[in-house]
**Q** 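Here you go, one structure.
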Amino acid sequence: MYRYDEFDHQLVAERVEQFRGQVARRVAGEITEDAFKPLRLMNGVYLQLHAYMLRVAIPYGTLSSKQMRMLAHLARKYDRGYGHFTTRQNIQYNWPALDRIPDLLQELASVEMHAIQTSGNCIRNVTSDQYAGAIADEVEDPRIISEIIRQWSTFHPEFSYLPRKFKIAVTGHKNDRAAIKLHDIGIVIVKNAAGEIGYEVHVGGGQGRTPFIAKKMSDFVPAAQLLAYLEAVMRVYNMLGRRDNSYKARIKILVHETGEEEMRRLVDAEFAKIEASQMLTVPQEEIDRIAAYFAPPVLQELPATSASLDSARASDSAFDHWVTTNVVSHVKSGYGIVNISLKPIGGIPGDASDAQMDVIADLAEAYAQDEVRVTHEQNLVLPHVKLDDLKTVYDTLLAHGLATPNLGMISDTIACPGLDYCNLANARSIPLAQEISNRFADLDRQYDIGELKIKISGCINACGHHHVGHIGILGVDKKGTEFYQISLGGSADENASLGDITGRAFTEDDIVDAIENLVASYVDLRHNGERFIDTYRRVGMQPFKERLYAE
Amino acid sequence: MAQHSAKGARFQAVTANRLTDGEVVYFTDAGHWSLSFSEAAIADGAEAAEAVLARAMPADFEAHVLDPYLFEVLQDAQTGFQPASVRETIRAKGPTIRLDLGKQAIAS
């Protein structure tokens, strides 16, 4: 894991003290809300329906056990005993009092964490693959370049007042688990024919009210030149991105309106200028220094199979299901990657209690090389667990409601906080996720349906990624009443696609039946072994739509 | 600011969030801010509503509350006045998914 150096410590500590002063002056009535609001947003503090909300950055979704314990402690001491893991690999607290947030941030800084750049029109927390450094066939651990990007982008003066927010995601694997094509910049780490590592750069993806799949701007940016290339993209965006209309201010609109070819020409011209200056060439020793923090953990030499695991699976079918569904092959023989579902049947997607966070921290420390990952699908991961230890880990997770064997299944729903918490929402998301989860609670049925990603957003801003759900659900408001619009065929992986809207929206009472109707259509239409998304791509909208709206 | 009342809404009240902790508050007939919707001043008609909003926004309101606004209230024979929208109902009570949190938890 990356450890703060003296500069990191200093800038985070200074920021906490600065914010402490700003809060004190605001509470004393010395500054207006208009003056204060941008300052609090720069520190991750939003005002939601019931209270302030604090968003804490989890860079590229990686946490140590100590950091996870701190998140639990903050939930207990400053909030209501829980936190919400988000689609941005962050955690949000829903109830902190404004005047206590500086103390919270000070405690957070003691474990090298902060809430900087979790809001505002700047480069946000860099997100990445939750299996980084643990999955086979990875070109390079994506956290190395993610950390370099984090350092470059933190408080970058030129990019502190962008036309709009800016999100970067990185994957080091051909299977995209970071939804990189739905980001302002998506980076795929690749190797060229000469065996050199470089970066395929995609620009202009995003969701929200105008979704776009990113365009590939470059097939191969050499490793040392990546920051120069990113700076070129940022500079073109900063100069030409629209500031007249916040709905059209994201880079996706600029790329769309400018055209891919012209955008590439502009970026390449700027890149040539920056490259000529050599200002942004990252020195190899600095790359090596940061890479050393992400060196693979020292794991034991173990056989590929575990007799104790095999016998435990044979005698405990629930455990067997969990291993099949939630444990992924590790690059190192004798180890597995454990996915902890934060989607218990009927539960709130992404929520974890302080006690659960403590348990996960303990497990990470004892069995997973002291690491926890957060996924953009709102689950957690223990990245390096011995096969021999899986049963012990499972038993502990089970005892704390954390062993739901539903990864990638219909009940593993992404849902934004929605109208239960969010000031921007038009409709509730979480109750719908809960109802769908309850309706399809039977695990045998879930396994029969197979991989099916339902993603729910409570408004057009699409925090719940509805555009890229195999089934996407968008909550809309009609005169103070909630309605839900369905889309089909979205996907956030390496074959990213945007969903198509089925037609008229459904009421709260009808929407779960509508989902059941779509699932029934899929089961009737599918060929052997075909996932929902494959069937949809083969047969298209019409057969689903006909049954969905049949009288 | 989003529109929180339908055109031609008859009854409206004024709500805001408290500065120090973001708690939902309502402007009362007595001219202070209450944590309870049941104490909200209910204005009958557009003119009365604007008058309540004006009273809620003295020069120093910002030292206590954020962004006061009008929202629509409906009169129900059984339950008295209730917020018209799902949003304002949730603000008045708390998250529908965690009945142990928010105002609804204190009330019960």
Side-chain angles (χ1 to χ4, degrees), chain A residues 23 26-37 45-54 79-82 94-101 346-349 351 415 417-435 458-459 475 477-482 508, chain B residues 1-9 11-12 15-26 35-37 57-74 82-107:
Chain A
V23 169
R26 177 69 188 103
V27 172
E30 293 166 21
I31 46 177
T32 64
E33 185 61 16
D34 276 351
F36 179 68
K37 189 175 173 184
V45 182
Y46 289 72
L47 180 65
Q48 297 289 34
L49 292 182
H50 315 286
Y52 289 98
M53 180 272 278
L54 177 70
D79 208 83
R80 306 282 166 93
Y82 70 105
N94 288 305
W95 307 89
L98 178 64
D99 48 7
R100 298 185 75 204
I101 290 176
I348 299 173
D351 274 14
L419 191 54
D420 281 298
Y421 292 102
C422 179
N423 198 19
L424 300 173
N426 290 320
R428 287 171 294 161
S429 307
I430 295 168
L432 193 49
Q434 291 176 305
E435 281 176 49
C459 81
D477 169 280
K478 290 186 184 174
K479 297 181 179 171
T481 306
E482 299 152 298
E508 188 187 353
Chain B
M1 179 70 60
Q3 191 62 40
H4 299 286
S5 298
K7 255 189 196 159
F11 299 109
Q12 295 185 82
T15 184
N17 290 81
R18 192 159 67 185
L19 170 66
T20 50
D21 57 7
E23 264 276 8
V24 174
V25 287
Y26 300 93
L35 293 173
S36 173
F37 169 74
M57 298 177 89
D60 67 342
F61 78 92
E62 261 214 344
H64 312 286
V65 302
L66 305 171
D67 300 334
Y69 62 88
L70 287 164
F71 68 100
E72 186 173 0
V73 172
L74 299 176
Q82 297 296 336
S85 68
V86 179
R87 173 195 157 93
E88 290 306 328
T89 304
I90 290 173
R91 283 182 81 252
K93 293 179 177 173
T96 63
I97 50 169
R98 286 289 303 261
L99 302 180
D100 58 326
L101 297 174
K103 296 180 189 301
Q104 60 202 353
I106 299 155

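In the text below, chain A, chain B and the rest are named by the order of the sequence lines, each starting its count at 1.
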**Q** Checking A:Q48 against chain B: side chain, backbone, both or neither under 4.5 Å from a heavy atom?
**A** backbone
**Q** Chain B: which of A:V23, A:L419, A:D477 shares the most heavy-atom pairs with it under 4.5 Å?
**A**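 Max contact count across the listed options: A:L419.
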**Q** Nearest 0.5 Å please: distance from the CZ atom of B:R91 over to the CG atom of A:N423.
**A**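 Taking CZ in B:R91 and CG in A:N423, the distance rounds to 7.5 Å.
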**Q** Tell me, for B:L19 versus chain A, whether the close heavy atoms (under 4.5 Å) come from the side chain, the backbone, both or neither.
**A**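 For B:L19, backbone and side chain are both near chain A.
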**Q** Checking B:N17 side chain against A:L49 main chain: does a donor-acceptor pair fall under 3.5 Å?
**A** yes
**Q** Looking at A:A28, A:A51, A:G29, A:A425, which makes the most heavy-atom pairs under 4.5 Å with chain B?
**A**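 Top option by heavy-atom pairs under 4.5 Å: A:A51.
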**Q** Between A:K479, A:E482, A:H50, which shows the greatest number of heavy-atom pairs under 4.5 Å with chain B?
**A**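 Most pairs with chain B among the choices: A:H50.
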**Q** Taking every non-hydrogen pair under 4.5 Å, which of B:I90, B:V24, B:D21, B:I97 racks up the most with chain A?
**A** B:I97
**Q** In terms of heavy-atom pairs under 4.5 Å, which option from A:T481, A:L98, A:D99, A:D420 contacts chain B the most?
**A**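 Heavy-atom pair counts peak at A:D420.
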**Q** With a 4.5 angstrom heavy-atom cut-off, is it the side chain or the backbone of A:Y82 that approaches chain B, or both, or neither?
**A** side chain
**Q** So which atom in A:Y421 and which in B:P95 form the shortest heavy-atom distance, rounded to 0.1 Å?
**A** CE2-CG, 3.8 Å
**Q** Check whether A:L47 gets within reach of chain B through its side chain, its backbone, both or neither, counting any heavy atom under 4.5 Å.
**A** side chain
**Q** Are B:R98 and A:I348 packed together at the side-chain level, in the sense that at least one heavy-atom pair is separated by less than 4.5 angstrom?
**A** yes
**Q** Considering only heavy atoms, which portion of A:N94 lies under 4.5 Å from any heavy atom of chain B: side chain, backbone, both, or neither?
**A**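 For A:N94, there is no contact with chain B at all, as no heavy atom is under 4.5 Å.
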**Q** Top residue by heavy-atom pair count (under 4.5 Å) with chain B, among A:K37, A:R428, A:R100?
**A**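 Highest number of pairs under 4.5 Å: A:R428.
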**Q** Can you list everything that forms a side-chain hydrogen bond (donor to acceptor under 3.5 Å, both in side chains) with A:Y52? Sequence neighbours excluded, please.
**A**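 With neighbours one apart ignored, the set is empty.
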**Q** Who are the side chain to side chain contact (heavy atoms under 4.5 Å, CB included) partners of B:E62, not counting sequence neighbours?
**A**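 For B:E62 the side chain to side chain contact (heavy atoms under 4.5 Å, CB included) partners, ignoring immediate neighbours, are A:R26, A:T32, A:E33.
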